[in-house]
Amino acid sequence: MLQRCIVGVKMATDFQRRVWEALRRIPRGRVTTYGEIARYLGTGAVRAVGTAVGKNPDAPAVPCHRVVRGDGTIGQYSGGEGVPTKIALLHAEGVRVAKGRVVAFEERLWHYPSQSTTSPSGS
DNA sequence: CCAATGACTAATC
DNA sequence: CGATTAGCCATTG
């Protein structure tokens, strides 16, 4: 049973799994940027993040459509009708998009939780 | 291992 | 604001 997991199966890299997991952390009605994900992963591989998101096999089960570019523009999307579908999904979650750009982008922008400064066992 | 690619970003024209 | 160049890192052939 487990044998088939180690042969003849396209396996994603750990990097991609971390990216997809980061996508699941995005709350509904919010958006994030590739740069934020890269920072969350602790790397500057914005390009690699975008590629990993595009290879997301569980789309749109994973909110990959909540990821936009750093300047608030929609960016790209692979699936359905492409970018139009990405915008449609965002609208379905309450995120307004105009001229291929997220309305009130910085207000809708989601930031990943940072380590609590009130941590009792802080270093 | 090397070369090419990509759902990006920033700077310049 | 649109087009171009260069830098970036992981994936893929």
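Computed from heavy atoms alone, side chains included, the values below leave out hydrogens, waters and symmetry copies. Chain letters run A, B, ... following the sequence lines, proteins first, then strands; residues in each count from 1.
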What does A/A45 touch in the nucleic acid at a heavy-atom separation under 4.0 angstrom: a base, only the sugar-phosphate, or nothing?
sugar-phosphate
Nearest whole Å is fine: how far is B/dA7 C1' from A/Q16 CD?
13 Å
Treat primed atoms plus P, OP1 and OP2 as sugar-phosphate and everything else as base, then score nucleotides 8-13 of chain B 5' to 3': B for base contact with protein heavy atoms under 4.0 Å, S for sugar-phosphate contact only, - for none.
BS----
Nucleotide B/dT5, atom P - distance to NZ of A/K55 in whole Å
14 Å
May I ask you to decide if A/D71's main-chain N or O and A/R101's side chain share a donor-acceptor pair within less than 3.5 Å?
yes
Keeping A/K86 on the side-chain end and A/V67 on the backbone end, is there a donor-acceptor pair under 3.5 Å?
yes
A/T51 side chain vs A/R47 backbone, donor-acceptor pair below 3.5 Å
yes
Opening and closing nucleotides of DNA chain C in contact with chain A, under 4.0 Å to non-hydrogen atoms:
C/dG7 to C/dT12
Nearest 0.5 Å please: distance from the CG atom of A/L89 over to the CZ atom of A/R66.
9.5 Å
Is it true that A/E21 and A/R24 make a salt bridge, defined as a side-chain N closer than 4.0 Å to a carboxylate O?
no
Counting distance only, does the side-chain N/O of A/W20 pair as donor-acceptor with the main-chain N or O of A/A52 below 3.5 Å?
yes
Where the side chain of A/H65 meets the backbone of A/T85, is there a donor-acceptor pair that is under 3.5 Å apart?
no
Electrostatic pair A/R30-A/E93, nearest N-O below 4.0 angstrom:
no
